[in-house]
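Just so it is clear: chains get the letters A, B, ... in the order the sequence lines come, proteins before strands, and each one is counted from 1.
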Amino acid sequence: MAKEIRNREENYSEWYNNLVIKADLAENSAVRGCMVIKPYGYAIWEKMQAELDRRFKETGHVNAYFPLFIPKSFLSREAEHVEGFAKECAVVTHHRLMADPGGQGLIVDPDAKLEEELIVRPTSETIIWNTYRNWIKSYRDLPILCNQWANVVRWEMRTRLFLRTTEFLWQEGHTAHATAQEAMEETRRMVEVYASFAKEVMSLPVWIGPKTESERFAGAVDTLCIEALMQDGKALQTGTSHFLGQNFAKAFDVQFANREGRLDYVWATSWGVSTRLMGALIMAHSDNNGLVLPPKLAPIEVVLVPIYKGEEEMEAICSHLEALKVRLQERGLSVKLDNRDNVRSGYKFSEWELKGVPVRIAVGPRDMQNGTVEVARRDTMEKQVLSLEAIEHTVVALLKEIQDNIYRKALDFRNRNTFEINNYDEFRERIEDGGFFLCHWDGTAETEAKIKEETKATIRLIPEREDPKPGKCMYSGKPSAQRVVFARAY
RNA sequence: CGGGGUGUAGCGCAGUUGGCUAGCGCGCCACGUUCGGGACGUGGAGGCCGAAGGUUCGAGUCCUUUCACCCCGACCA
């Protein structure tokens, strides 16, 4: 299936777009580069939010909320941060509209010009650190472990549903610590939270590791990330966790009295994942029949479809299914009984497959007689006729099996598409087919830039190995401490 | 911002060297027959042909301008 998709790589964008729209997840809005997340798509996001939030709380974090608007001067405080974000921001310059004196409509009231422009947040480090200054006086105030669920705006030149929209939803954690070590541990802890979330909830295998200097977040000392492989062979960064050192504390003058009574700057981290995760989910698991949702993220885990002739039979089967629905719900499952009488069952089958519902149970007159149901699983498209007895146990077990199987499938795909390459010519050739490439690199930004220029491949991360094996850079032949992960990326 | 493409019904499209009443499929509404993998028949509703200007007896079609969207780059979670 994956191969089928990759064979039409030139149409992958179209495939993805169509899938998103047909599966009723999202559409383009009237506003440039923004998207409308439709109810079915948003339900998936809510499930992600709930799972992530639970994990954040488990690791000692609390939620808070900071303003949407950031005074322009804040953004210019941290030099590298300016470089990274200044070029792509939405700016509020006025606070009032007025009727056009010359005709119809509204114009911006020229008298309502703001003294200092406000930036719609592209990320919240600056406004948060400006706030933290007031919260932190002593080591006793630390650590601060805040997260916020918010929307941010980045005026990217090119947009794509879920992957790169002008406005997107995300969570951003911002923590403050007394020591560098504590902050580094936090950075590590959160990237691990993302990785286990990806694996356990999204059924998505990811690589973990630090970025190279050139790929780092603007203003970070170190950026850890998770990277996943999509079915067209391209990599997707699905989460980041940054060790910010004392950069923002210095820029916003956030100092605290330590145990020895001396003033020191606070150590910081920030970490985030966004609605891009939805894009990853779609591109990693879907097949040509539509979405394939891991049960833990499926808004509907089980759909019940009656098969009938005539009103009488329909009523009998539907009331039978109502009872089954209750039985399944009592097991904590999210169940939909599709009792529409204006479409036929075959139509319903296709529609729920398109939406990625993991398990479908169909019941017709034959089943009514035999006390059976037809159970179909979305991941493999297999069907089997089972006894109605203890069906709820079977379904619960099946959902778990599907969750695991989707992961195994994605892991297998990634393993089959991860290559160790030593020769640059071979690399150039093989990169065209996509995948992750483990190669030696001399550690210089120049080599990294050359390779990117010549092949469009970037270093996604430096994988963490217990015993890194040294070698020679495939490009320059110079010594390399270990292999790094190259890929073409979204 | 560069290169390519597309704008005609809710969606997907056709529309000849300009020609008179703008079409098809899907969907929608009504009725009937159907119903174990995207049903069928009959009837019906739905369009300033992206926008503005021009050429012409006549423009969906030709010319100019403009806007929007999509794809490929640069930018990026």
Heavy-atom pair with the smallest gap, counting every atom of A/Met368 and A/Ala316: CE-O, 3.8 Å
Just by distance, with hydrogens left out, do A/Thr223 and A/His242 show a side-chain donor and acceptor under 3.5 Å apart? yes
In whole angstroms, the gap separating P of B/rC26 from NZ of A/Lys22 amounts to 15 Å
Which residue, A/Gly239 or A/Gly33, contacts RNA chain B at a nucleotide closer to its 5' end, judged by nearest heavy atom? A/Gly33
Applying ring-ring contact (aromatic ring centres under 6.0 Å, His included), run through A/Phe56 and A/Trp271 and close with a yes or a no. CA-CA 11 Å; A/Phe56 297 159; A/Trp271 28 272; 5.2 Å; yes
How would you label the contact of A/Thr240 with the nucleic acid (heavy atoms, under 4.0 Å): base, sugar-phosphate, or nothing? nothing
With a 4.5 Å heavy-atom cut-off, do A/Leu68 and A/Val120 have their side chains touching? yes
Which part of the nucleic acid, if any, lies within contact of A/Glu156, taking any heavy atom under 4.0 Å across all strands shown: a base, the sugar-phosphate backbone alone, or nothing? base
What is the separation between atom CZ on A/Arg158 and atom P on B/rC75, rounded to the nearest whole Å? 12 Å
note: A/Arg488, atom CZ; B/rA74, atom P; distance rounded to Å ~ 11 Å
In whole angstroms, the gap separating P of B/rG12 from CG of A/Asn18 amounts to 9 Å
Kindly express the pairing pattern of RNA chain B in dot-bracket notation, using | wherever a base pairs with another strand and counting only Watson-Crick or G-U pairs under 3.5 Å. (((((((..((((.....[...)))).((((((.....)))))).....(((((..]....))))))))))))....
For atom CD of A/Glu27 and atom P of B/rC11, their distance in whole Å: 10 Å
Is the phosphate of B/rC71 approached by A/Asn17 (side-chain N or O, under 4.0 Å from OP1 or OP2)? yes
Is it the case that A/Asp53 and A/Trp149 place a side-chain donor and acceptor less than 3.5 Å from each other? yes
Would you call the rings of A/Phe427 and A/Phe437 parallel, tilted or perpendicular if under 30° counts as parallel and over 60° as perpendicular? perpendicular
Rounded to whole Å, how long is the line connecting atom OH of A/Tyr16 with atom P of B/rC70? 13 Å
Cation-pi geometry met for A/Arg121 and A/Phe66 (6.0 Å, 45°): no
Across the strands shown, which category fits A/Thr165 at heavy-atom distances under 4.0 angstrom: base, sugar-phosphate, nothing? base
Using a cut-off of 4.0 Å on non-hydrogen atoms, how would the nucleic acid contact of A/Leu277 be classed: base, sugar-phosphate, or nothing? nothing
Looking only at side chains, do A/Ser124 and A/Gln148 share a donor and an acceptor under 3.5 Å apart? yes
Could you state the atom-to-atom distance from CE of A/Met314 to P of B/rU34 in whole Å? 17 Å
Heteroatom pairs (N/O) under 3.5 angstrom, protein to nucleotides 35-39 of chain B:
residue, atom, partner, partner atom, Å
B/rC35, O4', A/Arg344, NH2, 3.1
B/rC35, O2', A/Tyr308, O, 2.8
B/rC35, N4, A/Gly310, N, 3.4
B/rG36, O6, A/Gly364, O, 3.2
B/rG36, O6, A/Pro365, N, 3.2
B/rG36, O6, A/Arg366, N, 2.5
B/rG36, O6, A/Asp367, N, 3.0
B/rG36, N1, A/Gly364, N, 3.4
B/rG36, N1, A/Asp367, OD2, 2.6
B/rG36, N2, A/Asp367, OD2, 3.1
B/rG37, N7, A/Lys383, NZ, 2.8
B/rG37, O6, A/Arg360, NH1, 3.4
B/rG37, O6, A/Arg360, NH2, 2.6
B/rG37, N1, A/Glu353, OE2, 2.6
B/rG37, N2, A/Glu353, OE1, 2.6
B/rG37, N2, A/Glu353, OE2, 3.3
B/rA39, OP2, A/Arg344, NH1, 3.1
B/rA39, O4', A/Arg344, NH1, 2.8

How would you summarise protein contacts on nucleotides 1-10 of chain B per nucleotide, using B for base, S for sugar-phosphate only and - for none, with heavy-atom distances below 4.0 Å? ----------
Decide if atom CD of A/Glu58 counts as having more than 12 heavy atoms of other residues, nucleotides or ligands within a radius under 6.0 Å. yes
Looking across every strand, which nucleic acid part, if any, lies under 4.0 Å from A/Phe217 by heavy atom: base, sugar-phosphate, or nothing? nothing
note: A/Lys234, atom NZ; B/rG73, atom C1'; distance rounded to Å ~ 11 Å
In terms of side-chain heavy atoms, does A/Thr458 have a donor or acceptor partner in A/Arg460 at a distance below 3.5 Å? yes
Can you check B/rC35 for me, syn or anti if syn means within 90° of 0? anti
Cationic tip of A/Lys355 above A/Tyr40 ring, under 6.0 Å, 45° of axis: yes
